[in-house]
Enquirer: 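Can you read through this structure? Questions will come right after.
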There are 2 protein chains.
Amino acid sequence: MQYLKIMEAINEQIDAGLLAAGNKLPAERKLAESFNTTRVTLRESLALLEAEGKLYREDRRGWFVSPEPLRYDPTFTTDFPAMACAQNRQARSELLSANLVPASRRAASLLQVPPLSEVYRIDRLRYLDERPVVVVTNFILPEYFPNLLDHDVTTSLTATYRKQFDVIYTRTRYRVSTTSLLGDTAHALRATSGSPAMLVERLNYDQHNNLIDCDLEYWRHDAICIESMATLEK
Amino acid sequence: MQYLKIMEAINEQIDAGLLAAGNKLPAERKLAESFNTTRVTLRESLALLEAEGKLYREDRRGWFVSPEPLRYDPTFTTDFPAMACAQNRQARSELLSANLVPASRRAASLLQVPPLSEVYRIDRLRYLDERPVVVVTNFILPEYFPNLLDHDVTTSLTATYRKQFDVIYTRTRYRVSTTSLLGDTAHALRATSGSPAMLVERLNYDQHNNLIDCDLEYWRHDAICIESMATLEK
DNA sequence: GAGTGGTCTAGACCACTTT
DNA sequence: AAGTGGTCTAGACCACTCG
């Protein structure tokens, strides 16, 4: 089992600091040669290290050492920049699109509205230390946010909610599962189609316990780890 | 990009019910032939479907369609059989070992005790509908549970805690990340070394807010999805 | 334009599971 | 004993990135 030995060897180099977070690995052909194997076998090792979250890949650009994951606590805040800042990381968001659209089947089901009801859909790409790590799609119920798009949605949505509409996130129902990146989502994250990813779905409720919006967050799975404290109810 | 087309084709067959949960796929050579490709390309598709959680693999036995994941709510209960039962699934546990051992570095750090302090270590393998899905290692502080091993640890630990020691889980700090399965853990789960997995680490506190034990849970990553409700504190 | 990663082919051998 | 999955080899072509 060569591929296990190669995994170990690369892991050791990372742990020893020879390969620092964000560093690019040598070309596959060179790595294959230096491990005295073929590209196919080498890529098996790399793919497993990717699945493990030790390495990540940028499509056609190469393999890189994963930085520490962002600790994501669903209990604390929904505010990405604040979360990043609290962990001494730099955050940045890019607005991909903001529209009033007929709800997709998935969105309608999550928001418990009839299919094709009109909802706001806001897509963002978020960067962590200049690396694109998550594509967030928000589906927002217009009844609580009339003319939302006349306001600034390029920065923090939670801030706009609070300042313009007196709406504060109070509770959230979340669900974390594994998926893979496809099409535009993959492309925005500079990932190869089919790469493993983490999907975080959230349903957000305001201070009156009304369901006000939902998020679908497609994360590069090495970029987050879920971490929280829970008081057991049973 | 053949491998994407193959992924889609297999996905469709699953969605259409032609391949039901738990079913074994045809042999790789047959699949490769029917998709008019080679085993290498076919296995690329299968590996991605595995990463996505649609398929799983049993070492040297073949590829299977993943059942629905167990919804795991860290807020509700730490009791695996109860969780499974509430979702109409059948659960079973196997005791792998139970010993008093010097704490490993990881365990000592989690439990905040000096390295090599003696702690109980209990390893279990848990089955969901007769499929092994998680290896759980418990490290338990002996000071709260004198002579723990004289009691029954083959069934529910929480029950023993409660009945024999008046200790009730009250709070838990958890952390979810991705890893890969290696060695004995992989073998117990009938997985190939290096397969992607989910690691759930928990620190459990009793009704007096004392840290009493910790768990390391290595899950087949297609077998669970984290799902919870949180009240935001900020 | 050179080099790189993405994708694919057509085999092979072994150890293990299954029949 | 036959079949299967696990692993590996030694190439190839293309589209893209990067200097």
Enquirer: CG of B/Asp152: more than 12 outside heavy atoms within 6.0 angstrom?
Expert: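 Atom CG in B/Asp152 is packed in, count exceeds 12.
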Enquirer: C/dC16 P sits how many Å from B/Arg57 CZ, rounded?
Expert: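 Roughly 16 Å, once rounded to whole Å.
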Enquirer: Return the 5'-most residue of the pair B/Trp63, A/Asn36 with respect to DNA chain D, ranking by each residue's nearest nucleotide.
Expert: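 Result: B/Trp63.
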Enquirer: Going from CG on A/Leu203 to CG on A/Leu110, what distance comes out if it is rounded to the nearest 0.5 angstrom?
Expert: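 Nearest 0.5 Å value for the CG-CG distance: 5.5 Å.
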Enquirer: Cation over ring, A/Arg190 on A/Tyr56, under 6.0 Å and within 45°?
Expert: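 Geometry flag: not set, cation outside 6.0 Å or 45°.
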Enquirer: Looking at B/Tyr3, does any N or O in its side chain come under 4.0 Å of the phosphate oxygens OP1/OP2 on C/dT7?
Expert: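 Checking B/Tyr3 against C/dT7: at least one side-chain N or O falls below 4.0 Å of OP1 or OP2.
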Enquirer: Would you sort out whether B/Glu52 and B/Asn11 count as a side-chain contact (heavy atoms from CB on, under 4.5 Å), showing the intermediate values?
Expert: CA-CA 11 Å; B/Glu52 195 176 335; B/Asn11 256 328; 4.1 Å; yes
Enquirer: Looking just at side-chain N and O atoms, do B/Arg124 and B/Ser93 make a donor-acceptor pair shorter than 3.5 Å?
Expert: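 Short answer, no.
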Enquirer: Write down the distance between CG (A/Leu42) and C1' (D/dA10), rounded to a whole number of angstrom.
Expert: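 Those two atoms, CG and C1', are 15 Å apart.
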Enquirer: With a 3.5 Å cut-off and no angle check, do the side chains of A/Glu58 and A/Trp63 form a donor-acceptor pair?
Expert: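 Not at all, the side chains of A/Glu58 and A/Trp63 share no donor-acceptor pair under 3.5 Å.
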Enquirer: Just the rounded figure in Å: distance from C1' of D/dT7 to CD of B/Glu44.
Expert: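 Taking atom C1' of D/dT7 as the reference, CD of B/Glu44 is at 16 Å.
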Enquirer: Round to a whole Å and report the spacing from CD of B/Glu28 to P of C/dC16.
Expert: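 These atoms are roughly 17 Å apart.
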Enquirer: Give the nucleotide from the list C/dC8, C/dG5, D/dG5 with an atom nearest to the side chain of B/Ala27.
Expert: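 Nearest to the side-chain atoms of B/Ala27, counting from C-beta on, is D/dG5.
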Enquirer: Tell me: CZ of B/Arg190 to P of D/dG6, nearest whole Å?
Expert: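 Answer to the nearest Å: 15 Å.
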Enquirer: Please report, rounded to the nearest Å, how far the C1' atom of D/dA2 is from the NZ atom of B/Lys30.
Expert: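 Value for this atom pair: 11 Å.
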Enquirer: Is B/Gln2 close enough to C/dG6 that one of its side-chain N or O atoms is under 4.0 Å from OP1 or OP2 there?
Expert: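 Answer is no, no contact under 4.0 Å.
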Enquirer: Check whether any side-chain N or O of A/Lys24 sits under 4.0 Å from OP1 or OP2 of C/dG5, and answer yes or no.
Expert: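 True: A/Lys24 side-chain N/O within range (under 4.0 Å) of C/dG5 OP1/OP2.
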Enquirer: Just how far, in rounded Å, is P of C/dT7 from CZ of B/Arg43?
Expert: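 For the pair B/Arg43 CZ and C/dT7 P, the rounded distance is 17 Å.
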Enquirer: If a protein heavy atom is under 4.0 Å from the base, mark B; if only from the sugar-phosphate, S; if neither, -; do that for nucleotides 12-19 of chain D going 5' to 3'.
Expert: BB-BSSS-
Enquirer: OP1 or OP2 of C/dT7 less than 4.0 angstrom from a side-chain nitrogen or oxygen of B/Thr41, does that happen here?
Expert: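 For B/Thr41, the contact criterion (side-chain N or O under 4.0 Å from OP1 or OP2 of C/dT7) is not met.
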Enquirer: Which whole-number value in Å describes the distance from A/Phe35 CZ to D/dC8 P?
Expert: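 After rounding, the reported distance stands at 13 Å.
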Enquirer: If I take atom CG from residue B/Leu128 and atom CZ from residue B/Arg220, how far apart are they, to the nearest 0.5 angstrom?
Expert: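 B/Leu128 atom CG to B/Arg220 atom CZ measures 12.5 Å (nearest 0.5 Å).
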Enquirer: Phosphate oxygens OP1/OP2 of C/dC8: is one of them under 4.0 Å from a side-chain N or O of B/Thr37?
Expert: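 Checking C/dC8 against B/Thr37, no side-chain N or O comes under 4.0 Å of OP1 or OP2.
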Enquirer: State which of C/dG5, D/dA10, D/dG6 makes the closest approach to the side chain of A/Thr38.
Expert: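 Out of C/dG5, D/dA10, D/dG6, the nucleotide with an atom closest to A/Thr38's side chain is D/dA10.
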